[in-house]
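Inspection log for the structure reproduced underneath, given as C-alpha cells.
As the structure lists them, so they are numbered: ligands from 1, and atoms in each ligand from 1.
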Amino acid sequence: MITLRGILVNGAVSDVEIDADRIHRILPTARLDEPDSLLPPGLLMLPLFADAHVHLDKALPTDRWISRRTPDSLFEQFALEKALLRPMFDSQLQRARATAARMLACGTGRARVHVDVDPEIGTSHLETMQRLRDELRGQIDLEFVAFPQQGLLRSGSTDIVTAAVRMGATVIGAVDPGGVDQDINGCLDIVFRLAVDHGVEIDIHLHDSDWLGYATISRMADLTERFGLGGRVTISHAYCLGEIDITTLRHLGERLARVGIALTTSVPVDSAMPPVAVLTEEGVSIRLGTDHTGIDAWTPFGDPDLLRRGRLLAEKNRWNDDAHLRHAYRYFTAGPLTFQPGDPADFQLLPALCPEHALATVPSRQLIVRGGRPVAGALADLPSLQQAFATHATM
Ligand SMILES: [Zn+2]
C-alpha cells in the first residue's frame, strides 16, 4: 500500500491509498501540506485522457526543421506527404515513440491510431505500430485503424486493408468516399462489408463539404442501420456539419444518434466543425482527437495535449462558466472526474485547484500514474517517489 497525501480529489483535500493497481481508499484530510508527503502540495487528481484520433506513424522529427510549402490540392498534399516520409522510413519507430512519450506526459492513457496502408507501403507501418504498442503496454493503450490515406479505391488498397485487419487492426478507415474515391457507394459498400465480415469497427475521415459530405453521412447512416453496426461506426472531422442550418443539423444529429454513429473532432481553428453543443443535445456521441500531435506533413501546429484541446473546445463554444467548463471534460477523459475506492489507479496529478481551473490554465502534468505505477511527469523521476512506489510494488 502506498499513500499519496494531501491530494485534491472529488472536491476535497484527501489522502489517496493505492493498493497494487487499484485505489484502495480516499480519506479526507485536514491538511493540504502534509509534512511527510511524497508530493508537493496543491496537486489535483484528474483521470487520464483518451485521444480518439491520432496518426502516430507520420510524425516528423521535432529536432530539425523541414521546409514546407502549401500544396495546390488535396492530392498534391497526399503526394507531398509520401515524398516527405519515404526517406525517413527507418526512423518511424523512434519518431512514434517520441510522440507517444509526449502524449503520455500530457496524461493520455488511450489512443485510436490511424495507420497508413497502401500498395506501396503495404502493412509496414502497422507492423511498426504494433511493436510500439507492445513497448507501451501498461502505459498507453493503442488501437489501430487500417487507414488507406491515399484513398481506398483510388489507391487500390482493399486487399491491404483486409490484410491489416487480419494482422490485428480492429477498425477500418477510409477518406472522403466522395471527394477522394469519387464513388460514395462503392467505397462505403467495401468498408461496411469488410467490417461485417471481420467483426471490426469503422472510422472514416470525412473532409468533404456541402452535399458531398451530407450524402456520405446519409449513406453511412443507411448502412449502419442495415448491417446493425450501431455503436461501432465513427465519422472523423465531418466539417460539413458545421456548414448547415440548425434545422437540418438537428435532423441529421437525431439520425446519427438513433443509428449509433459517433463523431470525432480535433476542434479545428481553420475550418468549419460539427457544432458540439447542438449535436450533444441530440444525443450524438462526440470525442476529441488531437489528429496532429506535433509537426507533420499537414500542419506545423500539432499538439498532443488533450487538455489544451478541451480548452479550445470550451473557448470556441463560449463555455465560460463552471458548469460548462466541467462539462467539456466529457469529450476527452477516459473516465469520470471523480474517483471511488476500487477504481483502477490510473490518474494524473497537476497543479490546479479544481477541474475548471485546470482547463483554464492547462498546467503541466506533474505525475502520470497507470496501473498503480508512475509512468511519466517530472515527479516520476524523484528518487523518493520511485523508491516508495518500488517498495509498494514488491509488497
Ligand atoms: Zn486523421
Connected via hydrophobic side-chain network under 4.5 Å: L350 and L312 | yes

Presence of salt bridge, E281 and R250, under 4.0 angstrom = yes

To the Zn ion (ligand 1), the closest N, O or S atom belonging to D291 is OD1

Atom name of the N, O or S atom of H205 nearest to the Zn ion (ligand 1) is NE2

Give a yes/no answer: is there an N/O/S atom of H237 under 2.8 Å from the Zn ion (ligand 1)?
-> no

Heavy-atom pair of closest approach, residues A52 and D203 = O-OD2, 4.4 Å

Below 4.5 Å, heavy atoms only, C-beta onward: do K58 and L85 meet side chain to side chain?
-> yes

